[in-house]
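Here is the structure we will look at, set down as structure tokens.
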Protein chains: 2
Amino acid sequence: MRSFVAVVDAGRFQDAADDLSITQQAVSKRIATLERTLGVRLFTRTARGARLTVDGQAFLPHARDLLRVEERALASVRPGRRPLRVDVIGRRLAPASVLGGFHRARPEVELDVVTLFDAGAAVEALASGSIDASFRAVDRSRLPGDIGAVRVFDEPVQLLTGPGHPLADATAVTPADLAGHLIWMPGIVAGTEWAAYYETLAAAFGLTIEVTGPGFGTDPLLDTLAGSPSLATFVGELTRLVWPSEQGLRRIAVHDPTPVYPHSLIWRRGNPHAALGDLREHLGAVKQGTGTWTPEWATEAA
Amino acid sequence: MRSFVAVVDAGRFQDAADDLSITQQAVSKRIATLERTLGVRLFTRTARGARLTVDGQAFLPHARDLLRVEERALASVRPGRRPLRVDVIGRRLAPASVLGGFHRARPEVELDVVTLFDAGAAVEALASGSIDASFRAVDRSRLPGDIGAVRVFDEPVQLLTGPGHPLADATAVTPADLAGHLIWMPGIVAGTEWAAYYETLAAAFGLTIEVTGPGFGTDPLLDTLAGSPSLATFVGELTRLVWPSEQGLRRIAVHDPTPVYPHSLIWRRGNPHAALGDLREHLGAVKQGTGTWTPEWATEAA
DNA sequence: TAGCGGCCACAACGTTTCGTTGTGCGGCCC
DNA sequence: GGGCCGCACAACGAAACGTTGTGGCCGCTA
């Protein structure tokens, strides 16, 4: 493939061979193999070099694309001057959306998105340099001194129920209203910062949160939820659900106070990656709302 | 690379090996080679399979991209059900722009753009099936019966001069005004349909068109034009010039009548490619303007 | 805690692929 | 028509690849 593009650019097999530091015969053999694989002739051989056939012309931009993508793939893991690598809590959750907004605003900034286990793993990864930034809810007082943090987004928590749930038709509920109901959150992983968030939330308002084993993915969770008259769960306002439309799930706002999930951007101080400043600048800091609730351990991350 | 994605999807080397119809050891060796090439570890090996590292997560979307691009590259030359392949007279000229408009309107239609020598080559390529459609100025009466043609775009011809040319400050000129001036069009290739167009144009209005040898590309042409007090050339209204801004070139409209270049879409009747109908539908037929001039041989292509 | 099973890595070997050298064939151009 | 330029074919050695066979590590279980 690289030989093909080299021949197109050079116009002659011999010149392409020089560019590739191999012999003309090797280039000839490579092109012949490629043509045999594709089943079409890519060049017309003339006495003055090689010219593209129609098939070759059609193939060329795709070949260039391939080399470009390969270059990007290599760059994504190249130590030093690689794309900005950002950890998000989940690809369908608010941080991913926020990062998408940054990408739309600054499309020239190369990004790679990864998902780590929890905030602790994110801090380790930041310290070791394997990622450049992370969106997590953190207890700022417990962060190492070389890790910076800015609370960038407070996401209201909503109640998610099926159509048969007693609260399904409410326009809004208060945390106190939920005291008698079962909040079902399978797939929650003990020890993670989001588990801690929901535990704190439950304790603060006397809620009952049930965690039945590891989750089997969100789809069966939502299916079960849609068919249950008693189960409800919490979900972030910006969480994108891929519900097959007719599941009839209801998102119900929570007020007085509104629990908000405190997403912070965290990074290692001294990380010289230029795009890191762009990201922080784009995000700014959240304006702390009134009438909201968030765990005390998170409020220090101003 | 394909093995890497297979392992990610399967979660275990052995399962990936089954998918690829090779042995587990071969997969292991491929991954090890890839990791050595990239200089990073892509998987953490556990007793229950292989999980992506952070680097692996960052690398994965690029790897998928690569496979996707490869698939498109293969499709571009696959006989039968390949992308719609359209010939344009030049990548910076009106037909390419029109095709770009179609692509924006129907981004789901896969397109490959090629450039053939002239209308004759395009007709041959249509007949042989190596292309699906072409934008050319054609003499409809001379087309084979199985080649369809619709005049889809009349492009006004403009005069292009440098700032020192006597007509540089004119807002518009008539063809008759040009009789005393030299029209310089290097790079015009005898025997092509666009050479025929300009020859007919010159003959119709008594113009002097000079063709000095093969062109050396458009950039030196425009440089020469910008610095000359006597040279002018014709250019299509939609031709995109990449002039380095400060060349000071002037585009001057031509009126009474306005010569228009009659772009037609031509295709082989009976070509079953579904996208061909989409393209024809998108283009429609040109509404013949008044006060314009075009060669008689082109007017039959109604 | 010892045994077992699942999973991946290492080693050795045969086959295939790749690149090289040497040579042949067919157009242009003078 | 001879010379030259440019690509293809042939033969050979080297490197890469995939296979079989085996070993080590981890987690689960009795």
Side-chain angles (χ1 to χ4, degrees), chain A residues 1-57 59-60 63 66-67 70 74 117 189-191 213-214, chain B residues 1-57 59-60 63 66-67 70 74 117 189-191 213-214:
Chain A
M1 194 70 82
R2 201 180 306 281
S3 301
F4 170 70
V5 174
V7 171
V8 172
D9 291 340
R12 275 186 294 272
F13 280 39
Q14 181 59 63
D15 295 357
D18 294 342
D19 294 343
L20 298 167
S21 302
I22 56 175
T23 61
Q24 167 266 315
Q25 289 89 334
V27 174
S28 175
K29 205 185 275 190
R30 283 186 181 180
I31 299 298
T33 303
L34 182 59
E35 288 180 333
R36 187 155 17 88
T37 305
L38 297 176
V40 297
R41 206 144 184 76
L42 296 173
F43 292 103
T44 57
R45 280 74 164 173
T46 75
R48 264 197 305 282
R51 299 167 55 90
L52 284 172
T53 62
V54 172
D55 285 312
Q57 285 190 47
F59 189 66
L60 176 58
L66 202 70
L67 298 184
E70 186 218 18
L74 295 181
F117 177 68
V189 180
Chain B
M1 191 71 81
R2 200 181 309 278
S3 301
F4 169 71
V5 174
V7 171
V8 173
D9 291 340
R12 275 187 295 271
F13 280 39
Q14 182 59 63
D15 295 357
D18 294 342
D19 294 344
L20 298 167
S21 303
I22 56 177
T23 62
Q24 168 266 317
Q25 290 87 335
V27 174
S28 175
K29 203 186 277 191
R30 283 186 181 180
I31 300 298
T33 304
L34 182 59
E35 288 179 332
R36 188 154 18 85
T37 305
L38 298 177
V40 297
R41 205 143 184 79
L42 296 173
F43 292 103
T44 57
R45 280 75 164 172
T46 77
R48 266 198 303 283
R51 300 167 55 87
L52 283 173
T53 62
V54 173
D55 284 314
Q57 285 190 47
F59 189 65
L60 176 58
L66 202 69
L67 297 185
E70 186 217 18
L74 295 181
F117 178 68
V189 180

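Note on naming: letters A, B, ... go to the chains in the order of the sequence lines (proteins, then strands), and numbering restarts at 1 for each one.
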Looking at B:Lys29 and B:Glu35, is there a salt bridge between them, counting it only when a charged N and a carboxylate O are closer than 4.0 Å? no
Closest of C:dT20, D:dG18, D:dA8 to the B:Lys29 side chain is D:dG18
Select from A:Ile22 and B:Gln14 the residue whose nearest nucleotide in DNA chain C is closer to the 5' end of that strand. B:Gln14
Could you tell me whether the phosphate oxygens of C:dG19, OP1 or OP2, come under 4.0 Å of any side-chain nitrogen or oxygen in A:Arg30? yes
Categorize A:Ala50 for me: base, sugar-phosphate, or nothing, with a 4.0 angstrom heavy-atom threshold over every strand shown. sugar-phosphate
Rounded to whole angstrom units, what separation is found between the CZ atom of A:Arg51 and the C1' atom of D:dC7? 16 Å
Restricting to non-hydrogen atoms, name the atom on B:Ala16 and the atom on B:Ala10 that form the minimum distance, rounded to 0.1 Å. N-CB, 3.6 Å
I need the CZ-P distance between B:Phe13 and D:dG24, as an integer number of Å. 20 Å
Rounded to whole Å, the CG-C1' distance (B:Leu34 to C:dA9) equals 17 Å
Taking atom P of C:dT16 as reference, at what distance in whole Å does atom CZ of A:Arg36 sit? 15 Å
What nucleotide among C:dT20, D:dT20, D:dA8 has an atom nearest to a side-chain atom of A:Ser28? D:dA8
Taking OP1 and OP2 of C:dC8, is either one under 4.0 Å from a side-chain nitrogen or oxygen of B:Arg45? no
State, to 0.1 Å, how close A:Arg12 and A:Asp15 come at their nearest heavy-atom pair, and which atoms those are. NH2-OD2, 3.1 Å
Between B:Thr46 and D:dC26, does any side-chain N or O lie under 4.0 Å from OP1 or OP2? no
Nearest whole angstrom, please: distance from the P of D:dA8 to the CZ of A:Arg12. 15 Å
Shortest side-chain distance from A:Arg48, nucleotide among C:dT20, C:dC28, D:dT20: C:dC28
Side chain of B:Thr23 (C-beta onward), nearest among C:dG27, D:dT19, C:dG19: D:dT19
Show the nearest heavy-atom pair for residues B:Val7 and B:Ala50, with the distance to one decimal. CG1-CB, 4.2 Å
Which of the following nucleotides, D:dC7, C:dG19, C:dC8, is nearest to the side chain of B:Gln24? C:dC8
Report yes if the side chains of A:Phe43 and A:Asp55 come closer than 4.5 Å at any heavy-atom pair, otherwise no. no
Whole angstrom value for the distance that separates P of C:dC8 from CG of B:Leu42: 15 Å
Donor-acceptor pair under 3.5 Å: do we get one between A:Gln25's side chain and the base of C:dG22? yes
